[in-house]
Every structure is written in structure tokens, then in C-alpha cells.
Novice: 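A single structure is presented below for examination.
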Amino acid sequence: MAKEHLTNIDTLMLRVEEEINPNHGTGVLVLGEQVDFWRLQQTIEARLLCFARFRQRVVAPLLPWRPPSWQDDPDFDLGYHLQKASLPPPGDQASLQELVSLLAGNPLDLDRPLWQVYYVENYSEGSALICRVHHSLADGVALMHVLLSLADPEPDASPFPSETDCRPQEPRGRTRAPGGLVRKGLDLLADPPSGAKVARLGWDAAAAMQELMLSPPDSDTALRGSRSETKRVAWSEPIPLADVKAAGSRLDGTINDIVLAAVTGALRRYLQERGEPLVDVRIRALVPISLRPSGTERTLGNRIGIVLLPLPVDVAGPLDRFRELKRRMDEYKGTLEAPVVYAAMNTFGRAPSGVVSPLVDHLCRRATVVVTNVKGPQEPLYLAGAPLEEFMFWIPRFGGIGLGVGILSYDGRVRVS
């Protein structure tokens, strides 16, 4: 039976999402047509199950100081992991949002491989796939590439991949990142950094950790939440990517700058509508940063750091708010915060719960919203012969962080979920 130990950081993701706050990532792929379920099953079996992790479950260690391991599930049943679902009439977006909300709030079964896909056969004029995947398998970048491996540029492509399609790719170079300190931190990430490696960076790493640990908690606003609250999902209409690019070009900013400024404005209006004060309010976005070397996007596991970005919700004018947000983002591009957090997560992955839980709570009190921005393919794709029209995702939220925002561009459009 195949067996592989979880890395420290994957163990931490497992413990955080199951011991501290049961949660998982959820994605929705909207298809323009209904698909043949047998063809869909063949596609998932050929494209997804060739990644061994999707046939494996987590097995606790016999000795307490040993890590848990991935082991082949002897009772693996594709019928459990791929199921059909139907929406009540009229099968519209509101109905799909209700179903996704229900599934997003139900924890995955730890005694089975940590994923499920539901084929919704009557959504709008077509159908949809709801994908639930535990983040101990991989970070968002890797999971997006794995899920999109189900799709093809042509509708009549064979569901069976070539022999090498599921093999992890070798790195072709390091991830690009602006800022000398971030680049220096990324140099450590060809291999997962230990606390000792980051410590050798000296004062820069110590200052980044001190800033993170000693910063005051976020303000207690309506955007904060509790881990027991019911999860709700929603998504926007598609936004033309060309319009976002044009706005960024006029303002000497990036697509990420524009979208984050828009999210900040939306949070400001939300608080205003509830009569909450905006003066001296502290709201930060927990922004996961991919620290993967280029070419390792299809390699499972977690390679992410975290940056806590203060959002200028107190700035009234949209243009002034954009400029202030861009200024803050440019400052964070020169820090070591993301690789330092990665190293900390890697170090504390197997620490006792009495250590991990307070650290996670400490971090979560310093953020109000999780924001993830993922660039998807910009050409149309097909899944089991049907056009892939939309792709949305929701990342786990922890502790008192009440809101998660996923930003994904695909086929010339941006969608916020």
C-alpha cells in the first residue's frame, strides 16, 4: 500500500481546518450544456485519480511524535466522491447558491480521500460541478491547475490523458516577485524553509515577524464572524478583464490593485449601511501569496505565505482610496512577511494543539477578510464536451474572519465570489 507522510505545513492545514475550524475549499464550474455522466466519470477517473492523493486518505500515526500519512484507501469508491445532484425549480443562480452554501458548511469525511464532486444536471440552460477539496491536499494555485486539468481546449478531446499529464513538473525557475527582500525570501523556497533558514536572514526576518505578532487586532465590526455561523456563498456578474486592465493602465496600477480597491470600497459601503464608524477603524485583508517556483503548479502540497494588508476603508474618494491602497501594497512587496509566515507554518506544523490553536487565533484576530486572486486561463475550455462558462471558488475562513473573497479571471472576464 502506497504511503507518504504529510509535510509539516500540510499537517498544519489539516489540523487547522479540522481541529480548530472545520472548513474546506469549494469551487463551482458552470457548464453551458448538460454532459453525459458516464463521460464525466471517465474524465474524472482518468484526469483526477491519476494524482495518487485523490485515492488516498489520511491515517493517524501509531506513535504520537510521528506525522500522519497519506495511504491508499482500500475501500475507495468513486461513486461516493462523484455524485449527481438536482436543483429545485427554477434551477437558477439563487438555487445553486443555496446548494453550494449547504455543501460548503459540511465537513469532509476524514476517513475517506478528502474531496467530493457533485454534478448538478439542471442549472440554468446547462449544468454545473460543485467541487469540495480539503486544503491539506494542496494550495489554491495547485488545486486550480488540478481542477482545470479536467478541461480541454477542444470539445471532442479524449478523456484519457497522455502518460505524463499527471506527473509533477520540474521547476523551470523561481517564482517572480517584486521587491528585493521578497526575492531573497523566495530563494529559500526552492526547498521548504525551516525556521533556522529564515532566521539566517537576520534583522529583516525578525522585523517582519515582530510586526506581524505585535500588531494590534482588527476592529470589532459587522465583518467579523464566529466559526459556528452558517456559511453563505455568492458571486458577481462577469466583469470584462479588458476594462479592468484599462483602468489599471490609466492609474499606473495592476489588475490586482483595481480589484482590491473595488473590494475595499464595497466593504466601506457595507459598514456605512450598518451605521458603523469608519474613523480609526482597522480592517486588514489576509492575502495568501503563492511561493511556488515556476513550473510546480501541478505539484500537490502547500507552498503559500501570508501578508496582512491594511485596507483604507476610511478613505472616502474612490481615486484617493485606490492610491492609498496601491501605496500600501507597494510597501508590502518589499517585505519578508510572506516567506516568514511560510517558515513559521512549516515549523509549527506538528506542534501540540495547545501551541497551534493560540497562534492561529492570534493571527485571525489581525484580519477581517481573506482575499485571494488567481489568474486562470484566458482561452475558452471544455469539460466532458461541454463549454466551461464560469469558474468560481471559495477558500476556507478561520477564527473570527467573517468574509472570504475569491477573485478569478478566466476567458477575458473577472468574477468575484
Side-chain angles (χ1 to χ4, degrees), residues 6-7 9-14 16-18 21 23-29 48 51 53-54 100 103-104 108 114-117 129-151 168-169 175-177 186 189 192 231 233 235 255-256 259-260 263 285-309 337-339 341-342 345-346 360 363-364 367 369-378 381 388 390-398 401 403-410 414-417:
L6 274 73
T7 65
I9 193 168
D10 293 345
T11 301
L12 179 64
M13 295 300 294
L14 179 74
V16 167
E17 294 182 27
E18 299 307 323
N21 191 45
N23 219 337
H24 57 266
T26 306
V28 171
L29 290 77
L48 200 61
F51 292 92
R53 192 66 47 82
F54 286 83
V100 177
L103 293 173
L108 290 161
L114 296 173
W115 65 277
Q116 277 190 306
V117 173
L129 294 182
I130 304 173
C131 308
R132 307 199 302 149
V133 185
H134 202 290
H135 266 283
S136 59
L137 272 73
D139 55 48
V141 171
L143 288 177
M144 186 192 73
H145 279 263
V146 168
L147 290 178
L148 288 179
S149 71
L150 300 173
Q169 301 172 13
T175 302
R176 293 181 182 179
L186 288 173
L189 293 168
K231 295 176 177 63
V233 308
W235 56 86
I255 294 173
N256 197 47
V259 177
L260 268 176
V263 169
L286 190 155
V287 184
I289 304 293
S290 176
L291 299 176
R292 288 178 167 272
S294 178
T296 64
E297 293 84 359
R298 290 169 62 87
T299 303
L300 299 187
N302 284 273
R303 289 286 189 93
I304 56 170
I306 289 171
V307 167
L308 292 179
L309 177 67
E337 187 169 307
V341 171
Y342 180 95
M345 291 191 296
N346 195 51
V360 172
L363 180 64
C364 290
V369 55
V370 182
V371 181
T372 297
N373 190 353
V374 177
K375 181 181 179 181
Q378 295 309 305
L381 297 174
L388 175 57
E390 304 173 28
F391 186 16
M392 295 85 70
F393 69 96
W394 295 266
I395 59 179
R397 62 174 182 81
F398 309 112
I401 298 177
L403 179 66
V405 179
I407 304 163
L408 189 142
S409 61
Y410 163 65
V414 177
R415 197 173 293 270
V416 181
S417 54

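If you're wondering where the values come from, they're calculated on a predicted model, not measured in any experiment.
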Novice: Mark yes or no for whether Tyr410, through its side chain, and Leu381, through its backbone, hold a donor-acceptor pair below 3.5 Å.
Specialist: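 Checked: pair present.
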Novice: Do the side chains of Phe54 and Val146 get nearer than 4.5 Å, heavy atoms only?
Specialist: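 Side-chain contact under 4.5 Å: yes.
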Novice: Run the side chain to side chain contact (heavy atoms under 4.5 Å, CB included) test against Val117 and tell me which residues pass, sequence neighbours left out.
Specialist: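 Expected list: Ile44, Leu82, Trp115, Leu129, Cys131.
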Novice: Considering all heavy atoms of both residues, which atom of Leu286 and which atom of Ile306 are nearest to each other, and what is their separation?
Specialist: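 Closest heavy-atom pair between Leu286 and Ile306: CG-CG2, 3.5 Å.
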Novice: For Ser409, what residues pass the side chain to side chain donor-acceptor pair (under 3.5 Å) criterion, not counting sequence neighbours?
Specialist: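 In terms of side chain to side chain donor-acceptor pair (under 3.5 Å), with neighbours along the sequence ignored, Ser409 is linked to Gln378.
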Novice: State the CG-CZ distance between Leu108 and Arg132, to the nearest 0.5 angstrom.
Specialist: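 Going from the CG atom of Leu108 to the CZ atom of Arg132 covers 4.5 Å.
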Novice: Quick one: salt bridge (charged side-chain N to carboxylate O under 4.0 Å, His left out) pairs with a partner in residues 142-151, sequence neighbours left out?
Specialist: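 Counting only pairs at least two positions apart or across chains, no salt bridge (charged side-chain N to carboxylate O under 4.0 Å, His left out) contact touches residues 142-151.
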Novice: Test your reading of the model: is there a side-chain donor-acceptor pair from Ser417 to the backbone of Trp394, 3.5 Å cut-off?
Specialist: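 Looks like no, no N/O pair under 3.5 Å.
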Novice: Please report the interatomic distance CG(Leu143) to CG(Leu300), rounded to the nearest 0.5 Å.
Specialist: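 Rounded to the nearest 0.5 Å, the CG-CG separation comes out at 7.5 Å.
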Novice: Check whether any side-chain heavy atom of Leu309 lies under 4.5 Å from a side-chain heavy atom of Leu260, and answer yes or no.
Specialist: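 Of all side-chain heavy-atom pairs linking Leu260 with Leu309, at least one is under 4.5 Å.
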Novice: With Thr26, which of Val233, Ile395, Leu103, Ile130 fulfils side chain to side chain contact (heavy atoms under 4.5 Å, CB included)?
Specialist: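 With Thr26 as partner, side chain to side chain contact (heavy atoms under 4.5 Å, CB included) holds for just one option, Ile130.
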Novice: Output all residues satisfying side chain to side chain contact (heavy atoms under 4.5 Å, CB included) with Asn373, sequence neighbours left out; order by chain, then residue number.
Specialist: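 For Asn373, the residues satisfying side chain to side chain contact (heavy atoms under 4.5 Å, CB included) (neighbours in sequence not counted) are Asn256, Ile407.
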Novice: Side-chain contact test, heavy atoms from C-beta onward, threshold under 4.5 Å: evaluate it for Met144 versus Leu408 and give yes or no.
Specialist: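 Sidechains of Leu408 and Met144: in contact.
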Novice: Minimum heavy-atom separation for Ser136 and Leu114, please, with both atom names.
Specialist: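 It is OG-CD1, 3.7 Å.
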Novice: Keeping the roles fixed (side chain from His145, backbone from Leu148), state whether a donor-acceptor pair exists under 3.5 Å.
Specialist: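 Such a contact is absent between His145 side chain and Leu148 backbone.
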Novice: Test of understanding: with salt bridge (charged side-chain N to carboxylate O under 4.0 Å, His left out), list the residues that count as partners of Arg53, not counting sequence neighbours.
Specialist: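 Checked Arg53 against salt bridge (charged side-chain N to carboxylate O under 4.0 Å, His left out); matches are Glu4.
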